[in-house]
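Take a look at the structure below.
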Amino acid sequence: MSMSGTHVQTGEQAETHYSAFGVPVRLSHAADPLERDRRLRWLHHGAELFLASRAIPRSGLCVEVGAGEGWFSLPFACAFPDWQVLCLEPDAAAVTRLEANVAALGLRNVTCLQAGLHPDLPDIRPAADRRNAAAHLAVERQEKPFQRLVALGHRAEPVPEGTEGAVEVLPALPASALAGLEPDLLVFDAPGAEAAIAETMRTAPTGFLLGQLYAHVRSGLFNPADETAPRQYYLECGEHVLRRDFEDNFPDRRPRLDVVVAMYNTREFIEECVDSVLADGNPDIRVLVVNDGSSDGCEQLVAERYAGNPRVVLLNKPNGGCASARNYGRQKSDASHIAFIDADDRVDPGLFSALLEVARHTGTFVAEGEFQFFHPDRPADAQLVPSYEAEIYTMPGDRCIGPHHYTWIPGDAIAVGQPTIWRRIYRRDFLDRKKIYFPEHIRAFDDQIFQLLVAQYCGALAHVQGHSYHYRQHTAQDIKQGDERHFYSFNMFRAVILRSLDESWPRIDMVVQSLLNTMGWSYSGLRNDLKGIYREAAAAFVTALEKTYGYHIEPHRLRETGIEGLDFLVERRLQEMQNDPVSYGIMRLEDWRWQPELIRMMQSVRR
C-alpha cells in the first residue's frame, strides 16, 4: 500500500497513482498538494484501516458525501464490485473529474451526482429503488447557498439564506435523503452538515459510518436510536477520533454512562443528588440508585419521585455496605461507561456529559472532573470551596473537544492524591479486564484500593476542567470519626502490595507515597487513645514492606508523616530483622495491629 502515491501535475490538474483496499488507482484531481495529502492520509490511516478490520457484507450500498474526485469511492468500488456506490459532491469541477475517473476505470457500480447537503431543506420521500436513487435524488435537488472553505480544499459549507459575503448557489439535498437510502456504509466529508447527518442517521439501519467532523457534535447522536441495533463508526475530529467498534455492539452492552448511587438512609439528600445528575437532560446518562437496605424511607421516596422516568433505575439489596452497593450497581449495569457517586453529594449539571464526551473522543480508560467541598451550613455564596487542585490547574486544559477543555495527567498524580473515585467515569471493559472492584469485606475507605489500582493500570487520564463534583461536608462522614476504621487502610495497602507481587509490577513508588500520605492523614485525625497502637501498626507495616521488597524508605519521609517516633520504631524493627532475608512472603504474614475488629475489641475490654 502506497501512502503518498506517484504524482504528475499539469497546470491546474494533477494525476496521482496510489493503492487502496489492495487495488491500484490512477486518479485525476485538482492540483492542490495539501488537499491530495489530506485525502490520502485519511484514506490510508482512517478509512482503509477501519474497513480492513471489519467483516463488511459481500454486497450493499455505499454513499459518500463530499466524494471529491473519488479518492475513497473508486478504489472501494474496484475492491468490492458487488457494492453499489453513490457519490455526492457539490463542486461541479470535482464531479466532472470524478465522472472521468469512473469512466477511465470502467466502473459500472458507481453513480455520481452533483449535490451537497443543506440543513435548511425540508425532508424528502425516500427513493423506492436503490439502483435508481441518483435519478430520484437529481429530481429532488434544490439550489441553496454555500460558502467555499479555502483552507479545506475549497469544500463548500452550507449557509442560511441571506448570508452576506462570497456565497455560491449549488444544488443541494436535505440530510434526510441519506436516511431514506438506508445505506449500509455512509462516508462523509461535509463541513457544516455533520449535526444534520447525525440526527437523520439515528433511525437508519446503517451499520458503518466513516467521516470527518469539522465541528463538535454530541457523540451520542451517532449511535442508533435503537440501542440494540449494531453500528460501528470511525469519525475523525481534529486530533481526536470518535469511534465505536465491534466489541461495543455486544448484546449486553449499551453506548451510555450509568451513574451508580449507593444509597443507605440518605432520604434527606437523595433527591438533590439524583436531580443534579439528570439536570442537563442527556439521554445517554442513566442513574442506578442502589438501595442498600435503608430503613428511613428513601427507597419509597425514589420509587415515587422517579416513577416512569427511564433514566432512573431503583435497585434493592440487603444491607452489605457501600462497597457491596457499588459492586451490585456495576454488575447490574449494561453501559459502556460507569461512574460512582455518594448519595449525599451532588454534581454540576454538565459534569458527566462533559466527561462522557471526552472519554468517547479520546478512548481514555478514565476521565475526571474537578471537585469542590460543599458546606451546606454556610451562606449560599460561601458553600462551595475549591479543592487543593485549584492551585495545580490554574490554566485551561491544553486540549479541547468542542467546549470541553482537558489535560492529560499521569496515573501517579491521582495515586498520591485524596481518594476521589466519585468525580470520574471509567470504561467498563477497563475495570473488568483489570479486575478492579470495591473490597466488600472492608466497611470503610473502600475507595482507596480502587483508586490505587486505577492509577496503576490507566497510564494517563483526562482531567476535564470547568465542571465540578460537590463533596458534601458533614459530621457523620466516616473520615471524620477518628475511630478504628482508619486501620482498614493497612488492609487495603496490603492487598495492593500483594497484587504488585503477583503481577511483578516494576515500580511501587506511587503506592509507597500514597501509603505515607494516608498514614499521616489518618494519624492526624485519630482519637488520642488510638494513636499509640496506630504508631505500632504503621511501623509494623513499613517494616514488612521494606523486608518484602528490599525497598528503603528514607527516615525523613517517615518523619514527614507526623507520626511521632515512626522512623525510630522502623529502624529498631529492621535491626531486629537484619538477619532475615528479603522475602515476598513477609507481607503475606498477618499482624493483629492491622485489624480494626481486634483493636475495637481490645479497646472495649479496656473500657
Glu546 side chain to His552 backbone, donor-acceptor under 3.5 Å: no
Flag, side chain of Gln473 to backbone of Tyr471, donor-acceptor distance under 3.5 Å: yes
Student check: side-chain heavy atoms of Thr518 and Ser522 closer than 4.5 Å: yes
Pairwise side-chain contact, Arg231 with Asn223, heavy-atom cut-off 4.5 Å (strictly under): no
Trace of the salt bridge (Lys or Arg N to Asp or Glu O under 4.0 Å) decision for Asp258 with Arg286: CA-CA 5 Å; Asp258 277 348; Arg286 188 174 66 162; 2.8 Å; yes
Side chain to side chain contact (heavy atoms under 4.5 Å, CB included), paired with Thr548, selected from Leu501, Val582, Leu498: Leu501
Sole residue of Glu389, Gln451, Glu370 in side chain to side chain contact (heavy atoms under 4.5 Å, CB included) with Thr420: Gln451
Exceeds 12 heavy-atom contacts within 6.0 angstrom, atom OH of Tyr551: yes
Qualifying residues under side chain to side chain contact (heavy atoms under 4.5 Å, CB included), relative to Arg311, sequence neighbours excluded: Leu278, Ile285, Asn309
Under 3.5 Å, which donor-acceptor pairs link side chains of residues 349-360 to any protein atom two or more places apart or in another chain?
| from | atom 1 | to | atom 2 | distance (Å) |
| --- | --- | --- | --- | --- |
| Ser353 | OG | Asp280 | OD2 | 2.3 |
| Ser353 | OG | Asn282 | ND2 | 2.9 |
| Glu357 | OE1 | His216 | NE2 | 2.8 |
| Glu357 | OE1 | Ser219 | N | 3.3 |
| Glu357 | OE2 | Ser219 | N | 3.0 |
| Glu357 | OE2 | Ser219 | OG | 2.5 |
| Arg360 | NH1 | Ser219 | OG | 2.8 |
| Arg360 | NH1 | Asp284 | OD2 | 3.1 |
| Arg360 | NH2 | Pro255 | O | 2.7 |

Six-ring centre of Phe374, Arg472 cation under 6.0 angstrom, axis tolerance 45°: no
Arg330 NZ/CZ over Tyr437 ring centroid, <6.0 Å and within 45° of normal: yes
Distance flag, aromatic centroids of Phe450 and Tyr426, threshold under 6.0 Å: yes
Residues Trp594, Phe541; criterion side-chain contact (heavy atoms from CB on, under 4.5 Å); working and verdict: CA-CA 8 Å; Trp594 305 336; Phe541 198 91; 3.7 Å; yes
Arg588/Asp502 ion pair, N-O < 4.0 Å: yes
Under-4.0 Å salt bridge between Glu554 and Arg559: no
Candidate pair Val274 and Val302, rule side-chain contact (heavy atoms from CB on, under 4.5 Å), full reasoning: CA-CA 9 Å; Val274 174; Val302 171; 5.7 Å; no
Counterpart residues, side-chain hydrogen bond (donor to acceptor under 3.5 Å, both in side chains), relative to Arg535 (two or more places apart): Tyr523
